[in-house]
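These numbers come from a predicted model, not from an experiment. Residue numbering restarts at 1 for every chain, and letters A, B, ... go by the order of the sequence lines.
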Number of protein chains: 2
Amino acid sequence: MTTIKEVAKRAGASVTAVSLSLNHREAGHVKPEIARKIRRTAQEMGYKPSPLASSLRTSRTRTIGFVSEEIATTPYAGEIVLGAQDAASELGYMMLLVNTDGKANEDEEIAALRRYGVDGYMYAKMYNRVTVRPSCLDGVPTVIVNASDVTGATPSIAPDEVAIGSDATNRLIEAGCKRIAYVGCSENLRAESLREQGYEKALKGAGMSFDPRLRIAVGNNGPALEAVAHLFRSAHPDGFFCFNDARTWYVYACAARLDLRIGEDVSVVGVDNHRVVAQTLAPKLTTMALPHYEMGYWGTRRLVHEIEGRDLSVPSSLGMQDQWRASIPPLDGPNERLIHCRLIERESVREG
Amino acid sequence: MTTIKEVAKRAGASVTAVSLSLNHREAGHVKPEIARKIRRTAQEMGYKPSPLASSLRTSRTRTIGFVSEEIATTPYAGEIVLGAQDAASELGYMMLLVNTDGKANEDEEIAALRRYGVDGYMYAKMYNRVTVRPSCLDGVPTVIVNASDVTGATPSIAPDEVAIGSDATNRLIEAGCKRIAYVGCSENLRAESLREQGYEKALKGAGMSFDPRLRIAVGNNGPALEAVAHLFRSAHPDGFFCFNDARTWYVYACAARLDLRIGEDVSVVGVDNHRVVAQTLAPKLTTMALPHYEMGYWGTRRLVHEIEGRDLSVPSSLGMQDQWRASIPPLDGPNERLIHCRLIERESVREG
DNA sequence: TTGTAAGCGTTATCAT
DNA sequence: ATGATAACGCTTACAA
């Protein structure tokens, strides 16, 4: 590792001049010509500053602590990490990852991160909910990911669940479905009620009546399959909005038994936590992928904004939301992701 | 943050004494009594050493660099990270995560990690293959995860694919299946051929004849479904070993159309990359989960062994392989993971 | 405009 | 057995 001292010697300048020049804070201190020379030789020598040493002085490390609960429980939640990692890398940050199982070691892990001098925290939840920011994060730049702050004081980023519900339903309406079912989840999840809200909203918006028999909430395995089979028999839906891939699968299984073809006899739009459905099921499926990657990506940019004050609201390379939303194909097109990603600002936590 | 100097002052000792005592290197230097007092006051003051400062001096950071390609491509590969994270946490290490998309930025990211002073690298691949360790890792403690080194010189850890194949097949044999099919993958993957090897081995071992019609390799979507349907019609299998969850799903879909019940009319054992199958499909399915978590966990312990020389071959809290293998339930039991996890040592890279 | 030196929190060397 | 002190690589206040 070549040091700043070596560069100084080689360039015939002082370490001060080198430090200033390489940090572009030379104005009024170092002759431009010398600054140029310094930068050139630094380049030649392949000099890279040691973040450890500089952080000892500045107490800034250009590292971000990513705090997550059980990354594994929702497979594609790993995408949050991916997106965060990508953004961090673009912005010259490093990601320190810790995992907490529930609540026990959370404060401990956060403290460990602090010892390593992280500049800020990504506090990620693995399913969308209202959460309370741990007090040990008070006063430290923090972004809550895939959840929202109970106080609304902390920047947070989460999927737009209502929009997911109404977009999915609208897609089915556009496809000509007349009897659209919602196959929900019997657990009391935030996403569940919000998506159902979106579903009803879309139905109302299209002037369609809301038949309660078309709306079911199911559990898992055998009973779920049975409930969906009953839905088919009793309410004869021609379109299905499914809460997640498990529910999507139940619809598929029942359709197969009834010899109904997806995309022909019935239409299905399902939210896909796992992308497995999109990978394995028929090409006629329209899935809505949760914006895990985007949350990680945007969340990290937001965090760096908190840390540095840099404006990072416009993404550099990735065109997100609007671009992808604009490219929603017709229902019978290829598999497709509908993306929703909304940054909830400090001032207004709108749950809409 | 309380510093070593403050502790020294409070304990009425020198920083040297404090440093030595807290690192338990006091023998012959600090009076035991004083050392005790130092440790006590350090505790009281909630002193924790700054890893940044100490690493500046020692060039050891107690951090591990986790280098992965696209964590997202295989959902549960995120479990590798989880396992690695758990082990690191247990051993007092921090994990720095970087992601590389293919080959382009790999060296760059590795160099960035080096600048942050990582003590070693986890070099993880997202599907099992033979790989070549990037030259920029030469001379640095490294463990290859979910792949094996082409030279055999680097410690690596990967699933025991052949054992997976034969265990799955044996399970079907034990369940009384007479015509066991292998639904493989048409892509030329290492896992594919190794698992098939295991399949054939198990059949031979049971003195069962090998009917080539029972062995198919399928792609995705419609054609795959068609191929599996043809397998049902032409070869009448009563047991299926499926390469992954996609293939498992095709078997399920065809069985549903033929009104065959899994676990009654036919038996299925599938390798599950995603755990989704186990979550959503019928309770009669036996899945074999790839040992992602375990690879991360063991790999990290191996890496710390490389770094410190500590013997870490025996896990502290988790009982892995043998314990879980012993608890394989009968085929018609609850969903179950068969775990295989083999640490390939430097000396002998056995592909068996 | 330039360079010297103090300091960040440790660990390690070396007199005492 | 003890405690100054140099060193790690960098930033920055201050003196020249």
Side-chain angles (χ1 to χ4, degrees), chain A residues 1-39 41-42 45-63 92 94 111-112 114-119, chain B residues 1-39 41-42 45-63 92 94 112 114-119 308:
Chain A
M1 290 288 97
T2 109
T3 77
I4 201 174
K5 205 183 268 178
E6 295 170 324
V7 176
K9 181 180 288 179
R10 184 89 105 80
S14 71
V15 286
T16 310
V18 175
S19 176
L20 290 173
S21 304
L22 294 182
N23 293 325
H24 295 278
R25 312 175 65 247
E26 13 142 340
H29 289 286
V30 181
K31 233 187 291 189
E33 184 190 321
I34 302 207
R36 255 198 310 278
K37 178 170 186 184
I38 288 174
R39 278 193 278 268
T41 60
M45 300 176 72
Y47 170 79
K48 298 274 184 179
S50 150
L52 279 76
S54 73
S55 70
L56 191 56
R57 192 68 234 266
T58 60
S59 63
R60 293 253 342 267
T61 50
R62 298 190 76 80
T63 56
M94 210 69 204
R114 167 158 309 174
R115 256 173 269 130
Y116 278 90
V118 295
D119 297 335
Chain B
M1 292 288 94
T2 108
T3 76
I4 201 173
K5 206 184 269 178
E6 296 169 323
V7 176
K9 182 179 290 176
R10 184 89 105 81
S14 70
V15 286
T16 310
V18 175
S19 177
L20 288 174
S21 304
L22 295 181
N23 292 323
H24 296 277
R25 311 174 64 246
E26 12 141 340
H29 291 285
V30 180
K31 235 187 287 184
E33 183 191 321
I34 302 208
R36 256 198 310 279
K37 177 171 190 185
I38 288 174
R39 278 193 280 267
T41 60
M45 301 177 72
Y47 168 79
K48 298 274 184 180
S50 151
L52 280 77
S54 75
S55 70
L56 190 58
R57 193 66 236 263
T58 60
S59 63
R60 292 253 343 264
T61 51
R62 297 192 76 81
T63 57
M94 210 69 204
R114 168 159 308 176
R115 255 173 270 130
Y116 278 89
V118 296
D119 296 336
E308 301 186 357

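Set against C/dA12, D/dC10, D/dA13, the side chain of A/Thr16 has D/dA13 as its closest nucleotide. Out of D/dT2, C/dG3, D/dG9, the shortest distance to the side chain of A/Ala13 is found at C/dG3. The side chain of A/Val15 approaches C/dT4 more closely than any other nucleotide in the set C/dT4, D/dC10, D/dG3. The listed nucleotides are D/dT2, C/dA6, C/dG9; the one nearest the side chain of B/Lys31 is D/dT2. Looking at the side chain of B/Leu56, the nearest of the listed nucleotides D/dT12, C/dT13, D/dG9 is D/dG9.
Atom CD1 in A/Ile4 sits roughly 13 Å away from atom P in C/dG3 (whole-Å rounding). Rounded to a whole Å, the CZ atom of A/Arg62 is 15 Å from the P atom of D/dC10. Atom C1' of nucleotide D/dT11 and atom CG of A/Leu52 are separated by 15 Å, given to the nearest angstrom. To the nearest angstrom, P of D/dA7 lies 23 Å from CZ of B/Arg60. Atom-to-atom, OH of A/Tyr116 to P of C/dC8 comes out at 22 Å; the value is rounded to the nearest Å. For B/Lys9 and C/dG9, the NZ to P distance is 13 Å, given to the nearest whole Å. Between the CD1 atom of A/Ile38 and the P atom of C/dT1 there is a distance of 13 Å, rounded to whole Å.
Mapping A/Lys5 and B/Gly12 onto DNA chain D by nearest heavy atom places B/Gly12 closer to the 5' end of the strand. For the pair B/Ser50 and B/His29, nearest-nucleotide mapping onto DNA chain C gives the more 5' position to B/Ser50. Comparing A/Leu20 and B/Gly28 along DNA chain D, the residue whose closest nucleotide (by nearest heavy atom) sits nearer the 5' end is B/Gly28. If B/Arg25 and B/Ala53 are placed on DNA chain C by their nearest nucleotide, the residue sitting closer to the 5' end is B/Ala53.
Taking 3.5 Å as the limit, the base of C/dT10 and the side chain of B/Thr3 contain no donor-acceptor pair of atoms between them. Residue side chain B/Thr58 does not reach the base of C/dA12 through any donor-acceptor N/O pair under 3.5 Å, judged by distance alone. Remark: the B/Arg57 side chain and the C/dT10 base include no donor-acceptor N/O pair separated by less than 3.5 Å.
Residue A/Ser19 places at least one side-chain N or O under 4.0 Å from the OP1 or OP2 atom of D/dT11. Under 4.0 angstrom from either OP1 or OP2 of D/dG3 there lies at least one side-chain N or O belonging to B/Ser14. Distances shown here put a side-chain N or O of B/Tyr47 below 4.0 Å from the OP1 or OP2 atom of C/dT10.
For CZ of A/Arg39, the number of neighbouring non-hydrogen atoms (other residues, nucleotides, ligands) closer than 6.0 Å is greater than 12.
For the atom pair A/Met45 CE and A/Thr2 OG1, the distance stands at 4.5 Å (nearest 0.5 Å).
Across A/Val118 and A/Thr63, no two heavy atoms sit closer than the pair CA-OG1, 3.3 Å.
Residue A/Ile34 is in sugar-phosphate contact alone, with no base atom involved, counting any heavy-atom pair closer than 4.0 Å across all strands shown. Residue A/Pro49 is classed as a sugar-phosphate contact, given heavy-atom separations below 4.0 Å to backbone atoms only.
Two residues are said to be in side-chain contact when any heavy atoms from C-beta on lie closer than 4.5 Å; B/Glu308 and B/Arg60 meet this criterion. Using a 4.5 Å heavy-atom cutoff, the side chains of B/Asn23 and B/Ser19 are in contact.
A distance-only check finds a donor-acceptor pair linking the side chain of B/Thr61 to the backbone of B/Gly117 [under 3.5 Å].
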